[in-house]
Participant: 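One structure, pasted below without further comment.
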Protein chains: 2
Amino acid sequence: MAKIDEVAKAAGVSISTVSYALSGKRPISADTRARIDAAVRELDYRPNAGARMLAGSRTSIFALTEPFRPDTHAPTHMSFVLAASIAARRNDYDILLLTEEEASSGMRRVASSGLVDGVLVLDVAPDDERVALARRIAIPTVFIGVPDDHAGLTCVDLDFERAATLAVRRLADAQHRVVGLVGQPAIAYENSNFPPRVRRGFDAAARELGLDAHFRSTGSNRPDAATTRRGIAEMIDAGVTGFLVHASEEATAAVLAEVTARGLSIPADVSLISVASSFDASALAIAVDDIPLVPQRSCDLAVDLALRALEDDPPKPRVHLIEPQYHSRGSVGPVRPTSGERTD
Amino acid sequence: MAKIDEVAKAAGVSISTVSYALSGKRPISADTRARIDAAVRELDYRPNAGARMLAGSRTSIFALTEPFRPDTHAPTHMSFVLAASIAARRNDYDILLLTEEEASSGMRRVASSGLVDGVLVLDVAPDDERVALARRIAIPTVFIGVPDDHAGLTCVDLDFERAATLAVRRLADAQHRVVGLVGQPAIAYENSNFPPRVRRGFDAAARELGLDAHFRSTGSNRPDAATTRRGIAEMIDAGVTGFLVHASEEATAAVLAEVTARGLSIPADVSLISVASSFDASALAIAVDDIPLVPQRSCDLAVDLALRALEDDPPKPRVHLIEPQYHSRGSVGPVRPTSGERTD
DNA sequence: TTGAAAGCGTTACCAC
DNA sequence: GTGGTAACGCTTTCAA
């Protein structure tokens, strides 16, 4: 609870010198700096947050808005919150949580009271109501996810379409002609912004490459093991040999289980790629190729963009899509020639 | 971005009157108040957070520290974060997130910089390092969970021991002589504070009532379906007719599945109580009696205690255990007489 | 390279 | 019931 004037006195310098030494905003002689550092340590000085917010123009706080929807996948969501927090701290920022109904109204509140310097938006819906808000408030807002109407917004996300395309290409390169996508629960295609993007990429790539494409969701309102297993079985029955899985760890394990249960093997009979997953696909019963969704990458970029938006001449808002990275682990291989029914 | 002096001018009163009208800290005539309210609305005035923190002694922010452990059950954890946030907002407080390594060091930082008025501690470990910190910082700290060494601390939690005791009594009242506890993964009995408390309550009540008590965890480091199912089967084989389940929704469903698979029925053959669960036990395939862990109750109380600790003469720190509530749904019944092997 | 002092926008004390 | 004004603890301009 020491104050800046005590530090100044202890170091034998003026208040402003202490302030500049701490902020690094002007050159300080090595000798002076050493005395100040010593005094700071000695007194365990920490600048008062309120005074800083008032005098400076920065609060060093970002709001994180996240409307915990009932169908939100908790582990993934937690990863993003954690990643956002880490990204913020790397830049000496704190995260203020805005949840539930406050996810929207709270944005206005904290923006106009000057509590935060910017807003990070999580769990973006295609028709997200926070889009309109972002356009009205005076502080920078970064969406982690891409809403349908994103004109004039700064958005950050994995390039889900390219991820799906990339995965389909791999399967096609391995001569798979019938591919299947194990997707999210049906409701996610309405409430979330990214499942439809994966599906679009999948459909487009399959069409372009002339593949036979199948799709099954893993439940209606939430993941359901029975629905998942049935969908997988149906696709195998329909001749699918190359799978994309854009679903939970459980659903991915279910594909392995169904394949194994049929006496088939990976990659000899069936190939499999996990797309946009945020769990460790190398730790499954069989290591699985994946194109991971890395929360830390999205959040680091989001925080970076928010900070840049606070600078003198901020960059123009736009959508930043992160390049997907393919991790090979041996779960994709050529179609077994003997099992080809119509190998032209 | 209007300031208080503009509101004052618009309402034709002094700055201090506006301040008092907004805080309600001194009587204002109805007429004056009306003019001020109108001006506030007109200008969309919101007090500047930094100025408030500096001038007043409150920041209206609580820190929430939560060291997302790898073995943390994400959905339950999310419920608590959400509940804490809601509890805070009900009292016009915001939540600042402290995660990961910052969960501890961040406590010092935000406490001594005056960023927050108090700290809420989530995900409490038996030997939590935040206990020592709480004793050293100058602001109130409330633990949601009870660490082993809690002398001088304010803690809030469900009375897990009584919850377990209560459940065992219900089973004993229904003439069950052999009871089983389906617990958390083994690691939770080291890393978390409450699983051992449930187990202690279970053991103590069984001993006191002269019941034969069995226990199985649901995995080692994380929930594992196979381990869970096997444990349940073993206990049924050992003659367990009355189950306590202190585990995930999945594990609870597994008990129902195993019972059903054996052609047994609930509650005719097997009775079942879910203890300290934070999912909806009435929505399972068979509605299950439960003694729920209600995050909102804990968090409301925690926030309340934090606020009271900020008052003039704060109450003495102590452990506040919340009374368990039994919800009857028909999953507990008398032991089937015919199957009694040794009915004394 | 350093210092003095004017704000920053509230709150709360002291007067009336 | 209302108004004037001194803090609150820092940042930053202006001066040296």
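Hydrogens, waters and symmetry mates play no part in the numbers below; they use all other heavy atoms, side chains included. Below, chains carry the letters A, B, ... as their sequence lines are ordered, and counting in each starts from 1.
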Participant: Does A/Ser57 place a side-chain N or O at less than 4.0 Å from the phosphate oxygens OP1/OP2 of D/dT11?
Facilitator: no

Participant: For DNA chain C, what residues of residues 33-50 of chain A have any heavy atom nearer than 4.0 Å?
Facilitator: none

Participant: Using whole Å, report how far CD1 of B/Ile4 lies from P of C/dA12.
Facilitator: 11 Å

Participant: Has A/Asp159 got a side-chain atom pairing as donor or acceptor with A/Ile322's backbone, closer than 3.5 angstrom?
Facilitator: no

Participant: Of the nucleotides C/dA4, D/dG3, C/dC8, which has the atom closest to the A/Ala55 side chain?
Facilitator: C/dC8

Participant: From C-beta outward on A/Ser29, which listed nucleotide comes closest to its side chain: D/dT12, C/dT1, D/dT2?
Facilitator: C/dT1

Participant: Would you mind telling me which residue lines up with the more 5' stretch of DNA chain D, B/Ala30 or A/Val18, judged by nearest nucleotide?
Facilitator: B/Ala30

Participant: Given C/dG9, D/dC10, C/dG3, which nucleotide is nearest the side-chain atoms of A/Arg52?
Facilitator: D/dC10

Participant: Rounded off to whole Å, could you give me the OH-to-P distance for the A/Tyr20 and D/dC10 pair?
Facilitator: 15 Å

Participant: Can you list the steps and then say if B/Lys9 with B/Asp5 is a salt bridge (Lys or Arg N to Asp or Glu O under 4.0 Å)?
Facilitator: CA-CA 6 Å; B/Lys9 191 175 298 173; B/Asp5 56 348; over 6 Å; no

Participant: Think A/Ser19 has a side-chain N or O under 4.0 angstrom from the OP1 or OP2 of D/dC10?
Facilitator: no

Participant: To the nearest Å, give me how far apart CE (B/Met53) and P (D/dC10) are.
Facilitator: 12 Å

Participant: To the nearest Å, give me how far apart CG (A/Leu54) and P (C/dG9) are.
Facilitator: 7 Å

Participant: Between B/Arg89 (side chain only) and A/Gly106 (backbone N and O only), is there a donor and an acceptor less than 3.5 Å apart?
Facilitator: no

Participant: Below 3.5 Å, does any donor atom in the side chain of A/Arg26 face an acceptor in the base of C/dT2, or the other way round?
Facilitator: yes

Participant: Is there a donor-acceptor contact under 3.5 Å from the side chain of B/Arg130 to the main chain of B/Thr65?
Facilitator: yes

Participant: Students often mix this up, so state it plainly: with edges at 30° and 60°, are the rings of B/Phe68 and B/His77 parallel, tilted or perpendicular?
Facilitator: tilted

Participant: Using only heavy-atom distances, decide whether a donor-acceptor pair under 3.5 angstrom links the side-chain of A/Ser16 to the base of C/dA4.
Facilitator: yes

Participant: Choose from D/dG1, C/dT1, D/dG9 the nucleotide whose nearest atom is closest to any side-chain atom of A/Pro27.
Facilitator: C/dT1

Participant: Assign B/Ile15 to base, sugar-phosphate, or nothing according to its heavy-atom contacts below 4.0 angstrom with the strands shown.
Facilitator: base

Participant: Between B/Arg41 and B/Asp37, is there a side-chain N and carboxylate O pair less than 4.0 Å apart?
Facilitator: no

Participant: Would you say B/Glu102's side chain and B/Thr99's backbone share a donor-acceptor pair under 3.5 angstrom?
Facilitator: no

Participant: Just by distance, do the side chain of B/Arg135 and the backbone of B/Ala151 share a donor-acceptor pair under 3.5 Å?
Facilitator: yes

Participant: Rounded to whole angstrom units, what separation is found between the CE atom of B/Met1 and the C1' atom of C/dC8?
Facilitator: 15 Å

Participant: Please report the distance, rounded to the nearest Å, between NZ in A/Lys25 and C1' in D/dT12.
Facilitator: 8 Å

Participant: Rounded to whole angstrom units, what separation is found between the CG atom of B/Leu22 and the P atom of D/dT2?
Facilitator: 14 Å

Participant: With a 4.0 Å limit, can you tell me whether B/Thr17 has a side-chain N or O closer than that to the phosphate oxygens OP1/OP2 of D/dT2?
Facilitator: no

Participant: Measure the distance from NZ on A/Lys9 to P on D/dG9 and round it to the nearest whole Å.
Facilitator: 14 Å

